[in-house]
> 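What follows is a structure written as structure tokens; I'll ask about it next.
Reminder, nothing fancy here: chain letters follow the sequence lines and each chain counts from 1.
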Number of protein chains: 2
Amino acid sequence: MGKNRSVPTLNDVAKAAGVSTATVSRCLNSPDQVIEATRQRVMQAVESLGYTPNFAAQVMAARRSFTIGAIIPTMDNAIFARGLQEFQNQLRESGYTLLVSSSAYDPEVEREQIRTLVARGADGLLLIGHARDAEIYEYLERHQVPSVVAWSYDPEAQRPSVGFSNADAMRELARSVISAGHRRIAMISGITQGNDRAQGRVVGVQQAMAEFGLEASALTLIETAYEIDKGAEAFRRLMALAPRPTVVMCGNDVLAAGALREARRLEIQVPEQVSVTGFDDIELAEIVSPALTTVHVPHREMGRKAACELTAMVEGKSEGRSICINIRVVNRHSLAKPPCQS
Amino acid sequence: MGKNRSVPTLNDVAKAAGVSTATVSRCLNSPDQVIEATRQRVMQAVESLGYTPNFAAQVMAARRSFTIGAIIPTMDNAIFARGLQEFQNQLRESGYTLLVSSSAYDPEVEREQIRTLVARGADGLLLIGHARDAEIYEYLERHQVPSVVAWSYDPEAQRPSVGFSNADAMRELARSVISAGHRRIAMISGITQGNDRAQGRVVGVQQAMAEFGLEASALTLIETAYEIDKGAEAFRRLMALAPRPTVVMCGNDVLAAGALREARRLEIQVPEQVSVTGFDDIELAEIVSPALTTVHVPHREMGRKAACELTAMVEGKSEGRSICINIRVVNRHSLAKPPCQS
DNA sequence: AATCTATTTGTAAGCGCTTACATTGATAAT
DNA sequence: ATTATCAATGTAAGCGCTTACAAATAGATT
């Protein structure tokens, strides 16, 4: 209760142990430089005072924080949550702490948070996707903060990235769709503005269509936020079209789940009357009915590899390589041949 | 490219603007204490040097960080993700930054992360649930870091909490279940060890049963981690029992989704042959079929209110009140009367 | 015994910022 | 004209730590 037993400092510990602050610091940071007896005395003092180092002071003096920052578009999507969890686990093993903040898909917010994290002494940063002002990268460079981009893969890009080509992945899925006989294709995409992953997925569909000699006009595209309700709404609009598309390819599983929910409400049979596909293969994909045909992305693996690469960069062991993650199409029940009278 | 244009400091700005560091600091932190002309000159310099204050130094000098920390059990659950997103939004409005870390339901990790966040200068902390060593609270007290507990409500507790009574909520749902005629009740609970929310939910079911004069033995209880697969597995075990329970109350929607998935696999009709209930009312609840009868928890509201309360405490405007959030049972289709030959 | 070397510890200079206090100059009150 | 008052700015003392360098001690080498 007494105000005098407030937060103890290095100095207090030093006094209590009868040594200099340097020795205490060494006990904590490089114990083998200190003789056993001294160390014990110091640790005692640390213990009995309940000392915890002041992080800000440490960062300032050592110019190193053992902290990695991550800025993700939203926490409210299992794919990031899952990958990040693994990212964090991996970091912990290497002695780093992860700090996460979410930008709510707003570039302005993201940029502010990047600054915050850097100012806070983050040794490295995990970013999602490449689309971002050059100015930000310059800022990172100036502050000498390494970064890796995840959930996206682009060997051409300046930054190292860990992920996969969204276009390639979606193209592969689109090929199955077209091979199954679909010709009137609709896509419910996420907002492509400032989101290279969403853009890539659209491009993938377009490429596959071109391969099969379909005209671009055969694709009906709706862009909407990655939310269940939005997916449902978009699906409703699509079903009001005449002629109806025979397949609705969704930008991710969440949108697809919304589509499926709406289909049930409208009493449209999936996949008998219309097929639906997703992307990501989150748990949801297996739970909805019919289970979604989708693209499986190994989010955890991605998180782990991103962590390895980033720590290597922070420790000067890597210049920053890009790593490509393998994805695969998962066939479940939401994709079938188009109805006969197509 | 030159190494000389490395990170600029307050001092550099001061020189460039021909003022003292104090004036620069004031321009940035309390601009109205500085005359217009000077301010412009300083801001110019800030701009052209691309200056960003060093956070660690700021924290250290000002002993204030405008940072709030949150430690959640896992990012991998929509209920926390959602509430936190709102928590963060609210904090932003008041000028605070949120730092999140997840403890993976491990008290040891949680405690370490609390220390990390405090050492990092967090002005306040958001914690989930009450169950936690007294030592941790002492630590927070000593460091004078206010905290609020969310996703739990206990007016008796020392700490202010923002949430609801898990026991009351589950009791209400259990009453509906029993009123519908169920007598052989099973529950798939989350791990109760060190988790007051999970404990409360079990207690709620037991209380309702007692109210209706049912013996404790009429309840079959399985504890398992909050994962879809675990829910499925538990459901399978329950269905292997003879006699089978007529209803499976799940500790949350995720477990319930797992149960439903397994029911489909086993070709057990829900709710005709067995009823299933959830808890939380995440989006999932509406998407699965049949849609879940569950308890609706306004996670966003909780996040928002927790943020308000916590910032008030940080700013010395509140001593820490507890706030009770209203929940309600949502009747959808997964709960019905037990089959006749019960 | 004198010198060298290696190990352990101490000394003290920052790290980049904030802020109490002192100073200055201008304006208002006498 | 003199003094009191106030706003704008400067001075400098830290905040709590790390670390280069210096000092002291103890063996090893000659």
> What's the closest nucleotide to the B:Gln58 side chain, out of D:dG10, C:dT18, D:dA20?
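For the B:Gln58 side chain, the nearest candidate turns out to be C:dT18.
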
> Taking the side chain as everything from C-beta on, heavy atoms only, tell me whether A:Asp154 gets closer than 4.5 Å to A:Val149.
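No, their side chains stay 4.5 Å or more apart.
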
> Nearest to the side chain of A:Met60, which nucleotide is it out of C:dG16, D:dT9, D:dC17?
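When the side chain of A:Met60 is considered, C:dG16 is the closest of C:dG16, D:dT9, D:dC17.
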
> Quick check: on DNA chain D, is the nucleotide nearest B:Gly18 upstream (toward 5') of the one nearest A:Thr23, or the reverse? Name the residue that is more 5'.
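Going by which nucleotide is closer to the 5' end, it is B:Gly18.
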
> If you only use heavy atoms from C-beta on, which nucleotide in C:dG10, D:dT18, C:dC17 is closest to the side chain of A:Val19?
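So the side chain of A:Val19 is nearest to C:dG10.
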
> So what does A:Ile35 hit on the nucleic acid, given a heavy-atom distance under 4.0 Å: a base, only sugar-phosphate, or nothing?
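Answer is sugar-phosphate: A:Ile35 comes under 4.0 Å of backbone atoms only.
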
> Report which part of the nucleic acid B:Phe55 touches: base, sugar-phosphate, or nothing (heavy-atom distance under 4.0 Å, all strands).
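Nothing, no heavy atom under 4.0 Å.
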
> Between B:Ala57 and B:Arg26, which is nearer to the 5' end of DNA chain D once each is assigned its nearest nucleotide?
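Closer to the 5' end of DNA chain D: B:Arg26.
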
> Rounded to whole Å, please give me the gap between CG in A:Asn54 and P in D:dG16.
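That distance rounds to 7 Å.
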
> Which part of the nucleic acid does B:Arg63 contact within heavy-atom distance under 4.0 Å: base, sugar-phosphate only, or nothing?
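Sugar-phosphate contact only.
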
> How close or far is atom C1' of C:dT8 from atom CD of A:Gln40, stated in whole angstroms?
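In whole Å, C:dT8 C1' and A:Gln40 CD are 16 Å from each other.
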
> Atom CD of A:Gln33 and atom P of C:dT7: how far apart are they, to the nearest Å?
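About 11 Å, once rounded to whole Å.
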
> Would you say that B:Ile71 contacts B:Leu127 through its side chain, given a criterion of any heavy-atom pair below 4.5 Å between the two side chains?
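Yes, at least one pair of side-chain atoms sits under 4.5 Å.
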
> Heavy atoms from C-beta onward define the side chain here; which of C:dG10, D:dT18, C:dC15 lies closest to that of A:Thr21?
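Comparing C:dG10, D:dT18, C:dC15 against the side chain of A:Thr21, the answer is D:dT18.
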
> Please classify the nucleic acid contact of B:Val34 as base, sugar-phosphate, or nothing, using heavy-atom distances under 4.0 Å.
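Touches sugar-phosphate only.
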
> Heavy atoms under 4.0 Å, any strand shown: does A:Ala22 hit a base, just sugar-phosphate, or nothing?
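If one applies the 4.0 Å heavy-atom cut-off, A:Ala22 turns out to touch a base.
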
> Look at A:Asn29 and D:dT18 and indicate whether a side-chain polar atom (N or O) is within less than 4.0 Å of OP1 or OP2.
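Yes, within the criterion.
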
> Taking only Lys NZ, Arg NE, NH1 and NH2, and the carboxylate oxygens of Asp or Glu, determine whether B:Glu36 and B:Arg39 approach each other closer than 4.0 Å.
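Yes, this pair counts.
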
> For the pair made of CG in A:Leu49 and C1' in D:dG16, what is the distance, rounded to whole Å?
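Result: 15 Å.
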
> Do any side-chain nitrogens or oxygens of A:Thr38 fall under 4.0 Å of OP1 or OP2 in C:dT8?
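So the side chain of A:Thr38 is outside the cut-off, no N or O lying under 4.0 Å from OP1 or OP2 of C:dT8.
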
> By nearest atom, which of the nucleotides C:dT11, D:dT18, C:dT18 is closest to the A:Ser20 side chain?
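Nearest listed nucleotide: C:dT11.
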
> If I take atom CG in residue B:Asp12 and atom C1' in nucleotide C:dC15, what distance separates them, rounded to the nearest angstrom?
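Answer to the nearest Å: 13 Å.
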
> By the 4.0 Å heavy-atom rule, please label A:Ser25 as base, sugar-phosphate, or nothing.
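Result for A:Ser25 = base.
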
> With a 4.0 Å cut-off on N to O distance, would you call B:Glu141 and B:Arg159 a salt bridge?
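The answer is yes: the pair qualifies as a salt bridge.
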
> Over how many whole Å does the gap from A:Glu36 atom CD to C:dT8 atom P extend?
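Nearest whole value for this atom pair: 11 Å.
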
> Do A:Thr52 and B:Val118 touch side chain to side chain, with heavy atoms closer than 4.5 Å?
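Heavy-atom side-chain distance check fails, nothing below 4.5 Å.
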
> Between B:Lys305 and B:Glu301, does any NZ, NE, NH1 or NH2 come within less than 4.0 Å of an OD or OE carboxylate oxygen?
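Answer for the salt bridge query: yes.
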
> Round to the nearest Å and state the distance from A:Phe66 atom CZ to D:dT18 atom C1'.
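After rounding, the gap between these two atoms is 13 Å.
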
> Provide, to the nearest angstrom, the distance between the CG atom belonging to A:Leu10 and the C1' atom belonging to C:dA12.
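So the CG-C1' distance, A:Leu10 to C:dA12, works out to 14 Å.
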
